[in-house]
Trainee: 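Just dropping this structure here.
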Amino acid sequence: MKQTVYIASPESHQIHVWRLEDGGSLKLLQVVDAPGQVQPMVVSPDKGWLYVGVRPEFRVVAYRIAPDDGTLSEAGEAPLPGSPTHLSTDHEGRFLFCASYNAGCVSVTPLKDGHPQPVIDKVEGLDGCHSANISPDNRTLWVPTLKQDRICLFTLSDDGYLAPQEPAEVMTVEGAGPRHMAFHPNRQYAYCVNELNGTVDVWELRDPNGEIECVQTLDMMPPDFADTRWAADIHITPDGRHLYACDRTASIITVFSVSEDGSVLSVEGYQPTETQPRGFNIDHSGKYVIAAGQQSHHIAVYQIEGEQGLLKEQGRYAVGQGPMWVTINAF
């Protein structure tokens, strides 16, 4: 398996393209000068495209991914209705979802032979909309709205339109600030990191009565932490055994173990990392975590070790200015 790591650095308008070697080291393959402040990124399900959200002219830029080494070539773009905060696709690669924090909306962009088309649907009134996350069955879009302490639930139609589900939302505790999500590979549980109170919620996707329930809320900060909580990102290993979430004030990655059925998290430790880690990701083998420091202008590679999933630093690399998004492709 070959793996390519993409790092978006909005302050320098760059995407750094790295090859992840078998031993966990990185080799720089390409530096792409992007047409603006590059922030969220997502790889298409067929591994052939990288979609990048760009500011201040709000649009998605499509890059074709070279099948031999993962390098990028620009292939098209389409406008977006608001500043792109988070990008994702459905599992079939037919639609691109854009969450916009500043515009308070989520939009749907059709993808035709990989190329983004004009937006066909937009839902507004989502204050602090921070991500759009398609469920494992490709039918429900989970949209955390940070300023409203809720996660809105939409049914995705076959032609790409969003309709409120029943229930249309699930609520977090007041002041939580739901932000980013990850789904367990068994398709039964979802995890949401809450930015403002520094917790992680475990959501049972459907209980026996067909209801969605929060079955656990766990503090992700060290017991002696007394500063402002500022959580950012969350990811789970491909085998579902380890979950990680980061906080930008403390500049740590919190390590969780996950119960076999996915319903229970346990804190295993706290890994100091790059300054202000807004984004990180896990490679497709489940062996490495790569984190970006928005204020250190570096990325760090960590090996996942042992039953607890603790992290051991493998290397550190300079990238562009203000790196904030890490996307990893396997082919």
Side-chain angles (χ1 to χ4, degrees), residues 1 3 5 7 18 20-26 179-186 189-195 197-202 216-227 229-296 298-317 319 323 325-328 330:
M1 177 173 61
Q3 296 193 80
V5 179
I7 308 294
W18 305 81
L20 177 61
E21 308 283 12
D22 290 340
S25 62
L26 295 178
R179 180 182 169 98
H180 285 183
M181 298 185 67
F183 292 97
H184 193 281
N186 71 8
Y189 294 92
Y191 312 93
C192 183
V193 64
N194 297 309
E195 175 178 329
N197 72 358
T199 62
V200 174
D201 288 334
V202 181
Q216 186 188 20
T217 298
L218 198 58
D219 192 345
M220 62 175 277
M221 301 307 294
D224 60 350
F225 181 80
D227 207 338
R229 293 170 178 239
W230 199 23
D233 207 3
I234 186 168
H235 294 279
I236 191 168
T237 53
D239 63 7
R241 294 177 56 204
H242 309 294
L243 183 84
Y244 302 88
C246 62
D247 180 87
R248 289 166 286 180
T249 299
S251 293
I252 58 170
I253 299 173
T254 303
V255 180
F256 300 91
S257 58
V258 185
S259 65
E260 188 171 349
D261 70 349
S263 66
V264 179
L265 302 179
S266 302
V267 174
E268 299 290 352
Y270 309 95
Q271 175 65 45
T273 188
E274 297 295 319
T275 306
Q276 198 169 304
R278 191 191 181 285
F280 73 95
N281 220 317
I282 300 169
D283 85 306
H284 292 261
S285 73
K287 294 179 180 178
Y288 303 104
V289 168
I290 301 176
Q294 199 170 4
Q295 289 190 356
S296 70
H298 281 69
I299 57 174
V301 181
Y302 302 91
Q303 184 170 348
I304 298 173
E305 294 194 323
E307 289 297 314
Q308 294 176 293
L310 300 178
L311 302 178
K312 179 181 179 181
E313 186 169 327
Q314 295 285 103
R316 187 170 183 260
Y317 304 84
V319 288
W325 211 275
V326 182
T327 298
I328 304 174

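In this chain, residues are counted from 1 in sequence order.
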Trainee: Between the side chains of Thr273 and Tyr302, does any donor sit under 3.5 Å from an acceptor?
Mentor: yes

Trainee: Which pair of heavy atoms, one from Met220 and one from Val193, lies closest together, and at what distance?
Mentor: SD-CG2, 3.8 Å

Trainee: How many angstroms lie between atom CG of Asn197 and atom CG of Asp219, to the nearest 0.5 angstrom?
Mentor: 8.0 Å

Trainee: Is there a side-chain contact (heavy atoms from CB on, under 4.5 Å) between Val301 and Tyr317? Walk through the geometry before answering.
Mentor: CA-CA 9 Å; Val301 181; Tyr317 304 84; 3.9 Å; yes

Trainee: Using side-chain heavy atoms (C-beta onward) and a distance below 4.5 Å, is Ile253 in contact with Pro272?
Mentor: no

Trainee: When rounded to the nearest 0.5 angstrom, what distance separates OH in Tyr191 from CZ in Phe256?
Mentor: 11.0 Å

Trainee: Is the backbone N or O of Val202 less than 3.5 Å from a side-chain atom of Tyr189, with the two atoms forming a donor-acceptor pair by type?
Mentor: no

Trainee: For Ala231 and Arg179, work out which heavy atoms get closest and say how close.
Mentor: O-CD, 3.5 Å

Trainee: Just verifying a value: how many Å separate Leu243 CG and Ser257 OG, rounded to the nearest 0.5 Å?
Mentor: 9.5 Å

Trainee: Quick one: do Ile328 and His284 satisfy side-chain contact (heavy atoms from CB on, under 4.5 Å)? Show the steps, please.
Mentor: CA-CA 8 Å; Ile328 304 174; His284 292 261; 3.9 Å; yes

Trainee: Flag the pair Thr249 / Phe225 as yes when at least one side-chain heavy-atom distance between them is below 4.5 Å, and no otherwise.
Mentor: yes

Trainee: So, Thr199 and Asn194: side-chain donor and acceptor under 3.5 Å apart, yes or no?
Mentor: yes

Trainee: Using 4.0 Å as the upper bound for N to carboxylate O, is an ion pair formed by Arg248 and Glu195?
Mentor: yes

Trainee: Between atom OG of Ser251 and atom CD of Gln276, what is the distance when rounded to the nearest 0.5 Å?
Mentor: 7.0 Å

Trainee: I'd like to know if Arg241 pairs up with Glu307 as an ion pair, taking the criterion as any Lys NZ or Arg NE/NH1/NH2 lying under 4.0 Å from an Asp or Glu carboxylate oxygen.
Mentor: yes

Trainee: Looking at side-chain heavy atoms only, is the closest gap between Leu26 and Ile299 below 4.5 Å?
Mentor: yes

Trainee: Just by distance, do the side chain of Gln308 and the backbone of Gly269 share a donor-acceptor pair under 3.5 Å?
Mentor: no

Trainee: Can you give me the closest heavy-atom contact between Met1 and Ala330, atom names plus distance?
Mentor: SD-CB, 3.6 Å

Trainee: Can you check whether Val326 reaches Ile7 side chain to side chain, under 4.5 Å on heavy atoms?
Mentor: yes

Trainee: Step through it carefully: locate the ring centre of His235, locate the ring centre of Phe280, and say whether they are under 6.0 Å apart.
Mentor: yes

Trainee: In this structure, which one of Thr217, Thr254, Ile234, Val267 forms a side chain to side chain contact (heavy atoms under 4.5 Å, CB included) with Val200?
Mentor: Ile234

Trainee: Passes side-chain contact (heavy atoms from CB on, under 4.5 Å), Trp325 versus Arg278? Steps please.
Mentor: CA-CA 7 Å; Trp325 211 275; Arg278 191 191 181 285; 3.4 Å; yes

Trainee: Any donor-acceptor pair under 3.5 Å linking the side chain of Asp233 with the backbone of Cys246?
Mentor: no

Trainee: Take atom CG in Asp239; do more than 12 heavy atoms of anything else shown fall under 6.0 Å from it?
Mentor: yes

Trainee: Decide salt bridge (Lys or Arg N to Asp or Glu O under 4.0 Å) for Lys287 and Asp22; before the verdict, give the C-alpha distance in whole Å, the side-chain angles of both, and the deciding distance to 0.1 Å.
Mentor: CA-CA 10 Å; Lys287 294 179 180 178; Asp22 290 340; over 6 Å; no

Trainee: Spell out, as yes or no, whether a donor-acceptor pair under 3.5 Å connects the side chain of His180 to the backbone of Ala232.
Mentor: yes

Trainee: Verify side chain to side chain donor-acceptor pair (under 3.5 Å) between Asn186 and Asp261, making sure each step is shown before the conclusion.
Mentor: CA-CA 8 Å; Asn186 71 8; Asp261 70 349; over 6 Å; no

Trainee: Let me confirm one number: the NE2-CD distance from His298 to Glu274, rounded to the nearest 0.5 Å.
Mentor: 7.0 Å

Trainee: Measuring from atom CD1 of Ile304 to atom OG of Ser285, what distance do you get when rounded to the nearest 0.5 angstrom?
Mentor: 7.5 Å

Trainee: Show the nearest heavy-atom pair for residues Leu265 and Val258, with the distance to one decimal.
Mentor: CD2-CG2, 3.7 Å

Trainee: Is there a side-chain contact (heavy atoms from CB on, under 4.5 Å) between Tyr244 and Thr237 once you walk through the steps?
Mentor: CA-CA 9 Å; Tyr244 302 88; Thr237 53; 4.0 Å; yes

Trainee: I'd like to know if the side chain of Asn281 reaches the main chain of Val289, judged simply by a donor and an acceptor atom lying under 3.5 Å from each other, with no hydrogens or angles considered.
Mentor: no

Trainee: Do the side chain of Thr275 and the main chain of Gly293 share a donor and acceptor less than 3.5 angstrom apart?
Mentor: no

Trainee: Of all the heavy-atom pairs spanning Asp247 and Trp230, show the shortest one and how long it is.
Mentor: OD1-N, 2.7 Å

Trainee: Gly240 and His184: which non-hydrogen atoms are nearest, and at how many Å?
Mentor: O-NE2, 3.5 Å

